[in-house]
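This report concerns only the one structure given below.
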Amino acid sequence: MAVFALIDGNNFYASCERVFNPSLNNVPIVVLSNNDGCVIARSNEAKSFGIKMGAPYHEMKQLIIDNGVKAFSSNYTLYGDMSARMMETLSSFSPDIEVYSIDECFLGLKGFSNFELTSYGQTIRQTVKQHIGIPCCIGIAPTKTLAKVANRYAKKNPETQGVMLLVDEDIRMFVLQRTEVEDIWGIGRQYREKLKAKNINTAYQLSKMPQDWAKTHLGGVVGERLVLELNGYSCIDLETIQEPKKNIAATRAFGKVVTEERDISEALSYHISRATEKLRDQKSVAKIVTFFFHSNPFSKVYPFFKVWRSIELPTASSDPCKFNNAVQAMLKKCFKQGVRYHKCGVILQEINPALNVQSDLFSNLDTDKSKSLLATVDKLNKRFGRGVMKFASSGMEKSWMTQANLISGHYTTNWQDLLKVKTG
DNA sequence: TCTGGGGTCCTAGGACCC
DNA sequence: TCTGGGGTCCTAGGACCC
């Protein structure tokens, strides 16, 4: 029988902030999305004040002030680095690890007895807390979907001490009966409504539905697998190898309203260099670049306006200049004056390994010269920080740049931000 | 005034082929 | 009235995830 453990950092971003600022312990905190737009992480105290996940910051502001909640801009440099450290510690507990997201991973656990599994879970938890400083919860079960359920149960019920084992049949049924259908991995808003309408409210009720029914009502094979997994039949394997991305996007809302073509042009150039950097990191090339820019979709005063264009290069590339030349030429043709722009971005598609690029008649392949130039740029930016080397076309002033007014230090990646210990 | 960013997979339906 | 059968490929859109 397969055994999966799902390990998940509690309120991960909020916990990262606390690791380097202990005065935040027991203080309610929230972390905001890019541009300080929405609340995307909350400490338990903040949750208890009714601050909703994903809610606009400006709507929550009063609640935040009234309850003395500390708010932070998101600090992905810090969270990404803390995540890498956590995953490294976790990988010492099993050779089979799937990093599922910035704060979650699945471990394959074979060959332990049930009793050992629970205490092994406790060991994992304590080690992560000791090495990284992040509290986490662990769900252990014969399928990934059940491991998710178990993890959630552990988080909600302190008596579990953060570890829930969901192998025994009676325990499985007991927990499924106490799990709302919308809390299952794979059930989102649409399916929740559909299920509630049919009076299916708990995970247990869903697990009793016939496979065919799940197939017609919950997105085909996806729904079929979901029901099987709830019943303990493992259908979703551990993915221990990180596949290269098939799409790479770089998009951002502007820090303030933008009306000038020049600002859009700079921002697109900036996003192209970010996106192609990710592309080169995974040693890929892309053939298609899509770019867009649009006004504020939430505006009640102005109509929504959006431009969306795709361009296919003659040969796949990872050279930002090639993408940028194509995009800038097209931008000139489709920019519209008199619109209050809110956001823009680029998406790279038709991504393949850099090794098997087909040359064409006119040989538009990336030259060795441009490749070594870009390799040097990447190296410098990695060593000295993003933006040390950049393209002049992405601008110097960057009045359109995203806001991050409440950001904490880059404690683990910047010497200036290293914590100081006071002695004596 | 102020509402994120980055992904995946699956299906249905149309175009097209023999 | 009644208009084959079987296949592939592509795309748009829907659903989900963190």
Side-chain angles (χ1 to χ4, degrees), chain A residues 6 8-13 30-41 51-62 64 71-76 79-80 83 98-106 144-145 148 151-152 181-195 214-226 235-236 239 242-257 271 274-275 278-279 282 288 290 292 294-302 304 308 310 312 340 342-351 402-406:
Chain A
L6 177 71
D8 178 322
N10 299 352
N11 317 323
F12 187 73
Y13 296 168
V30 296
V31 177
L32 306 174
S33 66
N34 276 310
N35 236 8
D36 298 340
C38 304
V39 174
I40 54 166
I51 298 171
K52 296 269 181 302
M53 179 71 171
Y57 177 43
H58 67 92
E59 282 176 17
M60 293 291 123
K61 216 162 193 169
Q62 202 54 50
I64 285 173
F72 292 90
S73 302
S74 38
N75 185 343
Y76 288 108
Y79 312 148
S83 170
E98 173 185 343
V99 176
Y100 179 66
S101 74
I102 194 162
D103 68 334
E104 272 177 68
C105 84
F106 288 101
K144 280 177 151 184
T145 305
K148 278 278 209 180
N151 177 284
R152 193 166 194 293
V181 87
E182 69 247 44
D183 294 331
I184 302 169
W185 191 38
I187 301 296
R189 247 189 65 217
Q190 304 297 321
Y191 289 160
R192 177 192 67 194
E193 293 310 316
K194 218 162 162 177
L195 290 166
K215 191 170 183 174
T216 26
H217 292 95
L218 300 178
V221 297
V222 179
E224 221 176 347
R225 278 201 294 251
L226 198 158
C235 306
I236 307 171
E239 284 168 32
Q242 270 234 312
E243 295 295 330
K245 300 257 185 292
K246 296 171 181 171
N247 297 295
I248 290 176
T251 71
R252 283 282 182 282
F254 302 120
K256 63 179 183 65
V257 169
H271 295 321
R274 282 205 303 140
K278 296 187 209 177
L279 191 64
Q282 67 166 32
I288 292 182
T290 297
F292 68 85
H294 62 72
S295 63
N296 189 341
F298 298 100
S299 174
K300 295 189 177 79
V301 181
Y302 300 101
F304 184 60
W308 178 280
S310 286
E312 181 166 353
R340 297 163 57 83
H342 169 78
K343 178 175 177 173
C344 76
V346 303
I347 303 150
L348 305 178
Q349 291 153 304
E350 284 206 11
I351 292 177
T402 304
Q403 308 255 350
N405 296 322
L406 308 165

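Within every chain, numbering begins at 1; the chains are lettered A, B, ... in the order of the sequence lines, protein sequences first and strands thereafter.
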Can you tell me how far C1' of B:dC10 sits from CD1 of A:I236, to the nearest Å?
14 Å
From the list B:dG6, B:dC2, C:dC18, which nucleotide is the closest neighbour of the side chain of A:H58?
B:dC2
Below 4.0 Å: OP1/OP2 of B:dG6 and any side-chain N or O of A:N247
no
Could you check how far OH of A:Y191 sits from P of B:dC9, rounded to whole Å?
15 Å
Starting at CD1 of A:I184 and ending at C1' of C:dA15, how long is that distance when rounded to a whole Å?
16 Å
Rounding to a whole Å, what distance do you find between A:D103:CG and B:dG6:C1'?
15 Å
Within the structure, does a side-chain N or O atom of A:R225 lie under 4.0 Å from either OP1 or OP2 of B:dC9?
no
Check the angle between the aromatic planes of A:Y79 and A:Y13 and answer parallel, tilted or perpendicular using the 30° and 60° thresholds.
parallel
Of B:dG5, B:dG7, B:dC10, the nucleotide closest to the side chain of A:T251 is B:dG5
In whole Å, I'd like the distance from the CZ atom of A:R274 to the C1' atom of B:dG5.
9 Å
Min side-chain heavy-atom separation A:I64-A:Y57 under 4.5 Å
yes
Can you tell me if A:S295 uses its side chain to pair, donor with acceptor, with the backbone of A:H342 under 3.5 Å?
no
Short side-chain N/O contact to B:dG6 OP1/OP2 from A:R252, under 4.0 Å:
yes
Let's see if you can work this out: which of B:dG6, C:dC17, B:dG4 has an atom nearest to the side-chain heavy atoms of A:W185?
C:dC17
If you find the nucleotide of DNA chain B closest to A:V222 and the one closest to A:F254, which residue's nucleotide is nearer the 5' end?
A:F254
Taking the same atom, C1', in C:dC17 and in B:dG4, what whole-Å distance lies between them?
15 Å
If you check every side-chain atom of A:Y100, which of C:dC17, B:dT11, B:dG7 has the closest atom?
C:dC17
Expressed as a whole number of angstroms, how long is the span from A:Y57:OH to B:dG5:C1'?
19 Å
Classify A:A250 by what it touches in the nucleic acid, base, sugar-phosphate, or nothing, heavy-atom distance under 4.0 Å.
sugar-phosphate
Flag, side chain of A:K194 to backbone of A:H217, donor-acceptor distance under 3.5 Å:
yes
Under the 3.5 angstrom rule, does the side chain of A:S83 hit a backbone N or O of A:I102 as a donor-acceptor pair?
yes
Just checking A:I187: base, sugar-phosphate only, or nothing, at a heavy-atom cut-off of under 4.0 Å?
sugar-phosphate
Ignoring the backbone of A:K246, work out which of B:dG4, B:dT11, B:dC9 is nearest its side chain.
B:dC9
Please confirm whether the shortest side-chain N or O distance from A:K256 to OP1 or OP2 of B:dC2 is below 4.0 Å.
no
Contact class for A:D36 vs. all strands (heavy atom < 4.0 Å): base, sugar-phosphate, or nothing?
nothing
In whole Å, I'd like the distance from the OH atom of A:Y13 to the C1' atom of B:dG4.
10 Å
Please state how far atom CD in A:Q282 lies from atom P in B:dG7, giving the value in whole angstrom units.
9 Å
Identify which nucleotide among C:dC18, C:dA15, B:dT3 has an atom closest to any side-chain atom of A:P56, counting heavy atoms from C-beta outward.
B:dT3
Categorize A:K215 for me: base, sugar-phosphate, or nothing, with a 4.0 angstrom heavy-atom threshold over every strand shown.
nothing
The residue among A:D36, A:T402, A:N34, A:N405 that forms side chain to side chain donor-acceptor pair (under 3.5 Å) with A:S73 is A:D36
Which base sits across from B:dC18 as a Watson-Crick or G-U pair, both distances under 3.5 Å?
C:dG5
From the set C:dC18, B:dG5, B:dG7, return the single nucleotide nearest to any side-chain atom of A:A253.
B:dG5
Any side-chain N or O of A:K300 under 4.0 Å from OP1/OP2 of B:dT3?
no
Examine B:dT3: is either OP1 or OP2 under 4.0 Å from a nitrogen or oxygen in the side chain of A:H342? Give yes or no.
yes
If you look at every strand shown and take non-hydrogen atoms under 4.0 Å, does A:N35 touch a base, only sugar-phosphate, or nothing?
nothing
Are any side-chain N or O atoms of A:D103 and backbone N or O atoms of A:F12, one a donor and one an acceptor, separated by less than 3.5 Å?
no
OP1 or OP2 of B:dT3 under 4.0 Å from side-chain N/O of A:K343:
no
With the side chain defined as heavy atoms from C-beta on, A:F298 is closest, among B:dT3, B:dG7, B:dG6, to B:dT3
Please work out if A:I248 contacts a base, only the sugar-phosphate, or nothing of the nucleic acid, heavy-atom cut-off 4.0 Å.
sugar-phosphate
